[in-house]
Visitor: 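The structure is given below, and queries will be raised subsequently.
One-based numbering, in listed order, for ligands and for the atoms of each.
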Amino acid sequence: MDKELLEIVFDNLYNGIYLVDGQGVTIAVNRTFEEMSGFTNAELAGKSLYDLVGPDNYFTGSASLLVLERKSPVTATYSTKTGRKLLVKGRPIFDDRGKIRLIVNTIWDLTVVQYSQKIDADTARSQFLSEEDIITCSERMNEVIDLALQVAITDSTILLSGESGVGKSLLAKLIHRSSERKGKPLIQVNCAAIPESLIESELFGYEAGAFTGADRRGKPGFFELADGGTVFLDEISELPIHIQSKLLWVLQDRSFFKVGGREATTVDVRIIAASNKDLAKLVATGGFREDLYYRLNVVPIPLPPLRERREDIPVLIRYFLGKFNRKHRCYKEFSPALVRQLAAGQWPGNIRELENAVERLVVTSRSDRIEPTRAFGLASDPLLHPGQTLKEMVAGYEAEILLKAQQEYGTTRNIAAALGISQATASRKLQQALEDKERSAKAEK
Ligand SMILES: Nc1ncnc2c1ncn2[C@@H]1O[C@H](COP(=O)(O)OP(=O)(O)OP(=O)(O)O)[C@@H](O)[C@H]1O
Ligand SMILES: [Mg+2]
């Protein structure tokens with residue numbers, strides 16, 4: 001292809017493009033990126049990202065710098081100073097010697113233009129998902145996001161699955177925001193949080209005078225409120241069977257009857273469902289309608305748990321640390337040993353648990369540099385303290401048990417009885433545990 005043609009393509013892509021060299025210096029951006037960011041190619045070309053990134057700088061963060069550091073593809077979202085939300089996928093191109101020659105960043109604009117449709121304020125359980133960022137350098141998550149972006153522009157029904165806290169809600173929001181429907185509502189419905197007696201009228205609405213106690217004018221349901229947009233049905237496995245049949249109708253011909261209604265209501269909605277239970281298993285045991293399952297499972301997107309993408313842990317820690325330092329107005333940092341400790345954890349609660357752990361460490365530590373601590377789930381992962389001898393680990397675990405037993409049983413006599421040791425041993429070991437605790441508290445100061 002000739003050069004002129006390539007330039008035309010470069011500037012007319014639907015995505016923004018940002019090219020960076022192996023040293024982090026901007027080579028060029030395309031016109032779409034200029035429009036998205038408000039910065040021109042002339043302004044950015046030749047400038048190092050190390051000089052462009054910072055709290056009061058051009059960009060709040062940079063996928064390219066993460067790519068340079070990790071030497072692997074990275075996906076991250078950022079906000080621009082002009083209030084736009086961008087998703088950046090950075091991909092390294094290596095030379096013959098395995099050095100990064102070029103980083104190609106592809107950018108999606110996730111900015112949601114405010115829509116004017118008024119949403120009933122008392123639909124408390126349905127909410128607009130708040131602003132949250134996505135950061136990942138794991139290959140599997142990059143594939144997940146690729147797939148999500150690819151199907152976002154279609155109207156396919158999507159089924160997100162994965163353990164609690166892996167980012168299902170976050171991904172649902174990403175799909176909505178990168179779809180043609182982004183100017184219309186995204187209504188999130190947590191099927192587990194709505195009482196069974198209300199769920200039908202909440203979802204489908206009711207006609208005037210449908211039942212005693214109902215609003216005299218009737219009320220629109222979530223599907224109607226989401227017209228033109230997306231309905232995100234979270235924890236779909238908790239939907240009662242009779243509602244499942246009604247949902248099947250919506251999926252088949254986008255129409256339904258309101259409670260007490262005689263005429264069908266038709267809506268234009270995209271449906272995204274999520275579950276942390278295995279729906280196929282529920283189908284096998286009769287807990288979920290098989291036909292509905294197939295209707296929902298058009299595009300299945302399974303999200304891997306955090307312990308299967310540990311490479312994300314250090315990057316997420318850095319991101320959350322920045323977030324909580326800003327929130328709590330402090331400048332704390334984690335020692336490399338602490339990051340290693342956290343990266344070795346099991347994280348059954350996934351990213352949500354990691355996020356909470358980082359915040360807890362930031363607000364509870366007294367020193368600005370936070371070191372490894374015993375506070376992290378020795379019981380769930382016995383190898384959490386790399387670098388310690390077996391004897392030290394066992395001693396640490398023992399101390400933890402004694403402190404817990406003291407809280408639980410109070411006196412050394414009761415501790416001894418509960419743990420099957422003599423009172424003298426209980427007393428000695430407890431004393432030791434208390435001293436250790438004091439010492440590590442001092443060390444943190
Ligand atoms: N890749 C990521 N980068 C940054 N933050 C993330 C990422 N993935 C998840 N989070 C954060 O982790 C928390 C949990 O994510 P989310 O609510 O999407 O999980 P979930 O799978 O919907 O969990 P549940 O099944 O419990 O509803 C959120 O605060 C979210 O912003
Ligand atoms: Mg969720």
Visitor: Under the rule for ring-ring contact (aromatic ring centres under 6.0 Å, His included), what residues qualify as partners of Phe204, not counting sequence neighbours?
Guide: Phe223, Phe256
Visitor: What atoms of ligand 1 come closer than 4.0 angstrom to any heavy atom of Asn276?
Guide: 25 (O)
Visitor: Considering only non-hydrogen protein atoms, determine which one is nearest to atom 17 (O) of ligand 1 and report residue, atom name and distance to 0.1 Å.
Guide: Arg352 NH2, 3.1 Å
Visitor: Can you check which of Leu354, Leu170, Asn356 brings a heavy atom nearest to atom 6 (C) of ligand 1?
Guide: Leu170
Visitor: At what distance is the nearest protein heavy atom to atom 1 (N) of ligand 1, and which residue and atom is it?
Guide: Ile135 O, 3.0 Å
Visitor: Which atoms of ligand 1 have any heavy atom of Leu316 under 4.0 Å away?
Guide: 2 (C), 3 (N), 4 (C)
Visitor: Quick one: look up the protein heavy atom nearest atom 13 (C) of ligand 1 and list residue, atom name and how far away it is.
Guide: Glu355 OE1, 3.9 Å
Visitor: Judged by non-hydrogen atoms, does Gly165 sit under 4.0 Å from ligand 1?
Guide: yes
Visitor: What pairs of residues pass the salt bridge (charged side-chain N to carboxylate O under 4.0 Å, His left out) test when at least one of them lies in residues 141-170, not counting sequence neighbours?
Guide: Lys89-Asp146, Asp155-Arg181, Glu163-Arg307
Visitor: Just to confirm my output: which protein heavy-atom neighbour is closest to atom 10 (N) of ligand 1, and how far is it?
Guide: Ile351 CG2, 3.3 Å
Visitor: Around atom 22 (O) of ligand 1, find the nearest protein heavy atom and jot down its residue, atom name and distance.
Guide: Ser169 OG, 2.8 Å
Visitor: Is there at least one pair of N or O atoms, one from Phe320 and one from ligand 1, spaced under 3.5 Å apart?
Guide: no
Visitor: Less than 4.5 Å apart, side chain to side chain, heavy atoms only: is that true for Val20 and Leu65?
Guide: no
Visitor: So which heavy atom in the protein is nearest atom 16 (P) of ligand 1, and how far is it from that ligand atom?
Guide: Gly167 CA, 3.7 Å
Visitor: Using 2.8 Å as a strict upper limit, say whether an N, O or S atom of Ser164 approaches the Mg ion (ligand 2) that closely.
Guide: no
Visitor: Please state which protein non-hydrogen atom is closest to atom 26 (O) of ligand 1 and give its distance, to 0.1 Å?
Guide: Ser164 OG, 2.7 Å
Visitor: Does an N or O anywhere in Thr136 fall below 3.5 Å from an N or O of ligand 1?
Guide: no
Visitor: Which residue supplies the protein heavy atom nearest to atom 4 (C) of ligand 1, what is that atom called, and how far is it?
Guide: Asp133 O, 3.1 Å
